[in-house]
Structures are given as structure tokens and as C-alpha cells.
Protein chains: 2
Amino acid sequence: MNKSLRQRAVLDVLKHGSVASQEDLQRHLRRRGFKVGQATLSRDIRDLNLSKTAHGYALPQGENGAGVALPPVSRLVREFVLDIRSAQNLLVIKTIVGSAQPVAAALDEADWPEMVGTIAGDDTILIVCPDKDQARTLASRIEEMLG
Amino acid sequence: MNKSLRQRAVLDVLKHGSVASQEDLQRHLRRRGFKVGQATLSRDIRDLNLSKTAHGYALPQGENGAGVALPPVSRLVREFVLDIRSAQNLLVIKTIVGSAQPVAAALDEADWPEMVGTIAGDDTILIVCPDKDQARTLASRIEEMLG
DNA sequence: CATTTTTATGAATATTTATTCATTATGAAT
DNA sequence: ATTCATAATGAATAAATATTCATAAAAATG
């Protein structure tokens, strides 16, 4: 039961391929590890203010990709991140199992300048920064989110 | 059986109130004199590239109100307008019965500077222009469309 | 004008989406 | 920890929408 991550994943799916139906969306999410029923997706679609066109579901009109109704990254970090370590220009983030992918996607979306890119496994995210300094800056920013 | 006018009417309905469902749209159109089945509206909606949001149907994204797939005003004039007369700063346009309203709406949408406003009955449209000169200009422009 | 082709349409139906209802999880307050 | 309230969810179902199929009108063609 994890709404925030799932809804982020929904947006992510839309930004990539096209989604013709809720059943279609369901398959895409399954591949990303979210197993949910159609009813829930119908609700997510309403929550995220998506619209359906002749060519499938689309992100909301004016708003940027990350809709207005999304829980902030900080909330995700607090909930799913267990530990952060830096090594040179790299950060290694441990999450509860299964959450690394979606949390990494959320971090990506935040689009911070200190992040060159991310790779996520099952419970580990590797973040590449331009240099040691910026890695540390980013690390402390994320640590603050942990409360 | 009149697709062009009906589709224009659909856009017009959308620009005014909000439309929650195709059945809803069907009612609005009926009030404007278009009696069609749900299947046809489903197709119109596809043709016009409308999208459905949580708050009802919406005009297509980037495009202006008058979609891209619409037959030009000239086509409507050629098909439905019978006669044009000017009197001072006014134009009186006769159409085949029942078409005055939607043709007037289409003319309105064209948003020509010589048109201050329109009133349409069943088979007659009255167009108000700023002055005699512009009335004549507009009249000849429309006359040209008649072929 | 007769014939063929294309287009538009509605009724019936298939498919998709939203909602209801019951259940389970989550969190707060004591 | 227990109770209470709130939120999330799925299964079943209702409602809405898309499509199929048949038909009729309009347009093109000979």
C-alpha cells in the first residue's frame, strides 16, 4: 500500500510511453513492481489530474510534469531512505527493499544541480555528483530530510 | 445529418459551460437543435481531439479553441447561406432554416474586426458592423465565399 | 440516370472507467 | 497496548464510452 511512490511511477510511465487504458497502465506498473487494482488507478488518475485523449492518458495541461498534488520528495525520503554515505563524488543511499527505483526516479525529477545521474537497484541508489564537494552538499541536504 | 455544424456546436458548448459526459453533451446539443446519438458524439470527440479530465471534457492542449480539424467558415457559408443584404451598418444574412444559430456562432468565432456582434434567429442572422463602409467590406467578403 | 463508393449514422454491444461497499491497514490519542 | 478515526484498497458492480454491424444518405463514376 504505497500511494506516493505509485503515483510518481504513474507520471513516470506517462512521460515515457503512451498509455491507452487503465489496464495498460496496470501492466506498466506491475513491471515496476506495483501491483494494484484498476479501481485504484482510476483514483490515482483523478488525483493526478490526468486527462484522457484519443491517444491515451496525458499529463495535466499547464502544470509541469510533476503535478501539483504530489507529496514532496522530502516526504519520500523520510519514509523510505535508511542511510546515506558519500564516497568521493558518489553517494550511496540505502532504502527499504523494493523502493530504490521509485525513490531514485523522484530524486531525478527534483532535478538538483548536484546530481549528474542515478542508478538504482532494489534497495540501493547510487548518485553520481560532479565532484566531492557537491556530493557532500547533496548528502547533507538529504540527511536533513530524514528529520 | 450535419457534421460540420454539429462539431462547431460541440466546441461552442465546451467554451461555455462544462460537460461531464457524452449524455450531458447530447442534452446541450439537443437544446441547440442537434439531435444525435451517443455513438456519434464519441466520434466527434475523437475527431475534435478533445480530452476528458476529472472535470469534464476539455479543448485540445496547445491548439486554440477552433481546433485544427475544422472545416473553414467559408465551407459553412457556401453550404448554408442563401443571401446577404446590407442596410446602413447592418448585414442581414438568410440561411436555410435551422442553420442561422450555428452559422452565426461560426462567424463569431472567425472574429473579424468588421463584426461588432450578431443575433441569429432560425433562418436569419443580423450582423452589426461599426459603420456602413465596414458592413460593405464584410458583405463582399462573405459574398465571395458563396462561390 | 444507374451503379458503385464513400460517408454518416444509430442500435446493440463490447470495452473501459467510476463508484459502492466492505475490509484492512495506518496513525493518533488516551 | 487498546481504542478510535482516517485513509487506502480490491471485488463487484454501475455508469460511461468506444466499436461493430447494418443501413441509409450523399457523392463520385461510368
Side-chain angles (χ1 to χ4, degrees), chain A residues 1-11 13-14 17-30 32-60 67 69-72 74-76 78-80 96 98-99 102 147, chain B residues 1-10 13-14 17-30 32-60 69-71 75-76 78-80 96 98-99 102 147:
Chain A
M1 190 205 294
N2 212 309
K3 201 148 78 144
S4 345
L5 286 184
R6 186 188 57 240
Q7 295 194 343
R8 274 178 180 277
V10 169
L11 292 181
V13 167
L14 286 203
S18 90
V19 177
S21 67
Q22 297 183 6
E23 198 183 331
D24 193 1
L25 180 55
Q26 198 173 30
R27 274 191 294 273
H28 280 277
L29 289 179
R30 177 102 46 96
R32 297 185 179 217
F34 295 94
K35 188 172 158 300
V36 281
Q38 173 267 325
T40 297
L41 294 182
S42 172
R43 291 168 188 133
D44 283 348
I45 284 167
R46 170 163 41 70
D47 291 353
L48 294 171
N49 253 274
L50 303 182
S51 65
K52 188 184 186 184
T53 75
H55 310 296
Y57 285 97
L59 297 172
L70 275 184
S74 57
R75 183 159 149 0
L76 295 180
R78 207 174 329 117
E79 191 167 355
F80 300 105
I96 64 180
S99 302
Chain B
M1 191 205 287
N2 210 306
K3 202 148 79 144
S4 344
L5 286 184
R6 186 188 58 241
Q7 294 194 344
R8 273 178 181 278
V10 169
V13 167
L14 286 202
S18 91
V19 177
S21 68
Q22 297 184 3
E23 197 183 330
D24 194 359
L25 179 56
Q26 200 173 30
R27 274 192 293 275
H28 279 279
L29 289 178
R30 176 104 45 94
R32 297 186 179 219
F34 296 93
K35 188 171 156 299
V36 281
Q38 173 268 324
T40 296
L41 294 183
S42 172
R43 296 188 266 247
D44 283 348
I45 284 165
R46 169 162 42 69
D47 291 353
L48 293 171
N49 254 273
L50 302 182
S51 64
K52 188 184 187 182
T53 75
H55 310 298
Y57 285 97
L59 297 172
L70 275 185
R75 183 159 149 0
L76 295 181
R78 208 174 328 116
E79 193 167 353
F80 300 107
I96 65 179
S99 301

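Letters go in sequence order (proteins before strands), and every chain restarts at 1.
You'll find a donor-acceptor pair under 3.5 Å spanning the side chain of B:Q38 and the base of D:dA18, going by distance alone.
Taking CD of B:Q7 as the reference point, atom CZ of B:R43 lies at 11.5 Å (rounded to 0.5 Å). Note that CD of B:Q38 and CD of B:Q26 are 7.5 Å apart. Values are rounded to the nearest 0.5 Å. In this structure, the separation between OG on A:S21 and OH on A:Y57 is 7.0 Å, given to the nearest 0.5 Å. In this structure, CG in B:L5 is found 5.0 Å from CZ in B:F34, a value given to the nearest 0.5 Å.
Between B:F34 atom CZ and C:dG10 atom C1' the separation is 18 Å, expressed in whole Å. Taking atom CZ of B:R46 as the reference point, atom C1' of C:dT15 lies 15 Å away to the nearest angstrom. The distance between atom CG of A:L5 and atom C1' of D:dA8, rounded to the nearest whole Å, is 14 Å. With rounding to whole Å, B:L41 atom CG is found 10 Å from C:dT9 atom P. C:dA8 atom P lies 9 Å from atom CD of B:Q7, rounded to whole Å. Residue B:D47 contributes atom CG, which lies 14 Å from atom C1' of D:dT19 at whole-angstrom precision. In this structure, A:N49 places its CG atom 13 Å from P of C:dA18, rounding to the nearest Å. When rounded to the nearest whole Å, the span between NZ of A:K52 and P of D:dA16 equals 15 Å.
Contact annotation: the side chain of A:K52 never approaches that of A:I45 to less than 4.5 Å [non-hydrogen atoms, C-beta and beyond]. In this structure, B:S4 and B:R8 have side chains that are not in contact, with every pair of non-hydrogen atoms separated by 4.5 Å or more. For the pair B:L25/B:D44, no side-chain contact is recorded, criterion being any heavy-atom separation below 4.5 Å from C-beta on. At a threshold of 4.5 Å between non-hydrogen side-chain atoms, the residues A:H55 and B:N49 count as touching. Two residues are said to be in side-chain contact when any heavy atoms from C-beta on lie closer than 4.5 Å; A:R32 and A:P102 fail this criterion. A 4.5 Å side-chain heavy-atom check between B:L48 and B:L14 finds every atom pair outside the cut-off.
Side-chain N/O atoms of A:K3 include none lying less than 4.0 angstrom from OP1 or OP2 on D:dA7. Remark: B:T40 is in phosphate contact with C:dG10, judged by side-chain N or O atoms under 4.0 Å from OP1 or OP2. A close approach under 4.0 Å does not occur between any side-chain nitrogen or oxygen of B:Q22 and OP1 or OP2 of D:dA15. Look at A:S42 and you won't find any side-chain N or O under 4.0 angstrom from OP1 or OP2 of C:dT17.
Here C:dT17 is the nucleotide among C:dG10, C:dT17, D:dG10 with the atom lying nearest to any side-chain atom of A:Y57. For A:R43, taking side-chain heavy atoms from C-beta onward, the closest of the listed nucleotides C:dT9, D:dG10, C:dT16 is D:dG10. Relative to the side chain of A:A39, the nucleotides C:dT19, D:dA16, C:dA12 differ in distance, and C:dT19 lies closest.
Looking at DNA chain C, the stems built from 3 or more consecutive Watson-Crick or G-U wobble pairs, each pair with its key distances under 3.5 Å, are C:1-30 with D:1-30.
Looking at residues 23-30 of chain A, you'll see that no heavy atom sits under 4.0 Å from any atom of DNA chain D.
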